[in-house]
**Student:** 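What follows is a structure written as structure tokens; I'll ask about it next.
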2 protein chains.
Amino acid sequence: MNPEVPNDIIERLQKEHIKITRQRRIIIGIVYEHQDHIDAEELYKILKKNKAGVSRATIYRTLDLLVSKRFVNKMDFGEGRSVYEFKLGQPHHDHMKCLRCGKVIEFNDHIIELRQNTICQNYRFLPSSHIMQIYGICYECRQKDKAKRENN
Amino acid sequence: MNPEVPNDIIERLQKEHIKITRQRRIIIGIVYEHQDHIDAEELYKILKKNKAGVSRATIYRTLDLLVSKRFVNKMDFGEGRSVYEFKLGQPHHDHMKCLRCGKVIEFNDHIIELRQNTICQNYRFLPSSHIMQIYGICYECRQKDKAKRENN
DNA sequence: GTCAGTGCAAACTTTTTGCACAGTA
DNA sequence: TACTGTGCAAAAAGTTTGCACTGAC
């Protein structure tokens, strides 16, 4: 098991005095390569299937570490468990989640970001991060609904 | 234990064919009266202290019911448990959470709401609800930090 | 009277932790 | 070599569930 991890990411981790163990390299690699959001259990299953020899405890500890160093985002879509996404070097984005098919759409909007800063200034609140999630029904699911209605 | 529940709320619940049991009346009353966000365990402790005779299971089941009927909002501030707030009749708002003192500030911004709708239109996404949380340091905590720095 | 709601305790899911051992810098 | 990181298993924390009993309509 040897997922790709760009050298500059390893170097940035080392700059933060994070020891690069075999386990951490693998976990970072999976989260980095993984396109969608990933949760701890899914990560564990991938590692287990590949006989990577990484325990759950290490997964949780490593993810916490990466989140605290802001290499990774931790999010919650109200499903009783946290999901993670690689953040470093990625442009900031927010999420829309389809309540029908579960798909997560990423979007980035300059106006929202600017407005958030203005609001924070009004409250004299110093922002460090934010979460924005819109729940609803995606276009594809609405098309499917429409087709179904027309067939009846 | 007899927390206040306005009659029109009871009536709206009945319109939704929700049976008004003793336990539900109490839970709704507490969530309605409670100023801050409340979690299931806190609710349970209040009920226990007042010898209300309501089990944890009923609390979870009632909260789920109220959320599904959109009387109550369920939120997650990344603390491993859900918090709830009475929603019906309250103006929509988003949250800022202070990472130092834990305080939650509510705000409502028309421009953000409008912009969210525009974004959804661009993605042909039909929104039903959204969550926006800004994390950072509140004014009071920054003042305290400042005072501390000046004393050293 | 009927059927949905409730209490209890057990189960389940996710995450955290203590401790002995392992491995990076 | 000196610590920090890891694995394991147990525990903690939050939430859900099966089943017999209760009570609202």
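Convention: sequence-line order gives letters A, B, ...; per-chain numbering from 1. Both backbone and side-chain heavy atoms feed into the values below; hydrogens, waters and symmetry mates do not.
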**Student:** Starting from P on C:dT13, measure out to NZ on A:K45 and report it in whole angstrom.
**Tutor:**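 Value for this atom pair: 10 Å.
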
**Student:** Quickly work out the B:Y44 OH to D:dT15 P distance and round it to whole Å.
**Tutor:**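 Rounded to the whole Å, the gap is 15 Å.
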
**Student:** Could you state the CZ-P distance from B:R25 to C:dG5, rounded to the nearest angstrom?
**Tutor:**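 Checked: the CZ to P distance equals 16 Å.
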
**Student:** Which is more 5' along DNA chain D, the nucleotide nearest B:R56 or the one nearest A:V54? Just name the residue.
**Tutor:**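 Counting from the 5' end, the first nearest nucleotide belongs to A:V54.
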
**Student:** Just the rounded figure in Å: distance from C1' of C:dT14 to CG of A:D64.
**Tutor:**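 Interatomic distance, CG of A:D64 to C1' of C:dT14: 12 Å.
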
**Student:** To the nearest angstrom, how far is B:K74 atom NZ from D:dG14 atom P?
**Tutor:**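 Rounded to whole Å, this separation is 13 Å.
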
**Student:** Within this structure, what is the CG-to-P distance between A:D39 and C:dT14, rounded to whole angstrom?
**Tutor:**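 Distance check: A:D39 CG to C:dT14 P gives 8 Å.
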
**Student:** With respect to the phosphate group of D:dG5, does any side-chain polar atom (N or O) of A:R24 fall under 4.0 Å of OP1 or OP2?
**Tutor:**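 For D:dG5, OP1/OP2 do have a side-chain N/O of A:R24 under 4.0 Å.
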
**Student:** Within the side chain of A:Q35, is there an N or O that forms a donor-acceptor pair under 3.5 Å with the backbone of A:E33?
**Tutor:**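 Pair found, side chain donor or acceptor close to backbone of A:E33.
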
**Student:** Taking any heavy-atom pair under 4.0 Å as a contact, classify B:D76: base, sugar-phosphate, or nothing.
**Tutor:**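 If one applies the 4.0 Å heavy-atom cut-off, B:D76 turns out to touch nothing in the nucleic acid.
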
**Student:** Look at B:Y60 and D:dT16 and indicate whether a side-chain polar atom (N or O) is within less than 4.0 Å of OP1 or OP2.
**Tutor:**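 For B:Y60, the contact criterion (side-chain N or O under 4.0 Å from OP1 or OP2 of D:dT16) is not met.
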
**Student:** With B:H92 as reference, evaluate B:H130, B:E106, B:K87 under the side-chain hydrogen bond (donor to acceptor under 3.5 Å, both in side chains) test and give the passing residue.
**Tutor:**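 It is B:H130; the other options fail the test.
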
**Student:** Between the main-chain N or O of A:A52 and the side-chain N or O of A:N50, is there a donor-acceptor pair closer than 3.5 Å?
**Tutor:**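 Here the side-chain-to-backbone pair does not exist.
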
**Student:** State whether the side chain of B:R22 and the backbone N or O of B:G53 hold a donor-acceptor pair below 3.5 Å, judged by distance alone.
**Tutor:**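 Checked: pair present.
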
**Student:** Identify whether B:L43 and B:Y60 are in the same connected component of the hydrophobic contact network (ILVMFWY, side-chain heavy atoms under 4.5 Å).
**Tutor:**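 The answer is no; the residues belong to distinct hydrophobic clusters.
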
**Student:** Taking the inter-plane angle between the rings of B:H95 and B:H37 on a 0 to 90° scale, is it parallel (under 30°), tilted (30 to 60°) or perpendicular (over 60°)?
**Tutor:**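 Judged by the thresholds at 30° and 60°, the geometry between B:H95 and B:H37 is perpendicular.
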
**Student:** Can you tell me which residue among A:L88, A:I20, A:V5 is in a side chain to side chain contact (heavy atoms under 4.5 Å, CB included) with A:L13?
**Tutor:**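 The passing option is A:I20.
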
**Student:** Starting at CZ of B:R81 and ending at C1' of D:dT15, how long is that distance when rounded to a whole Å?
**Tutor:**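 In whole Å, D:dT15 C1' lies 13 Å from B:R81 CZ.
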
**Student:** Whole-Å distance between D:dT4 P and A:L65 CG?
**Tutor:**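 From A:L65 CG to D:dT4 P: 13 Å.
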
**Student:** Under 3.5 Å, is there an N or O donor on one side and an acceptor on the other linking the side chain of B:R61 and the base of C:dG7?
**Tutor:**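 Checked by distance alone, the answer is yes.
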
**Student:** With the threshold set at under 4.0 Å for non-hydrogen atoms, list the residues of residues 11-23 of chain B touching DNA chain C in residue-number order.
**Tutor:**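 DNA chain C contact set from residues 11-23 of chain B: B:K19, B:T21, B:Q23.
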
**Student:** Check the phosphate of D:dG5 against A:T58, side-chain N and O only, distance under 4.0 Å to OP1 or OP2. Yes or no?
**Tutor:**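 A:T58 to D:dG5 OP1/OP2: no side-chain N or O under 4.0 Å.
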
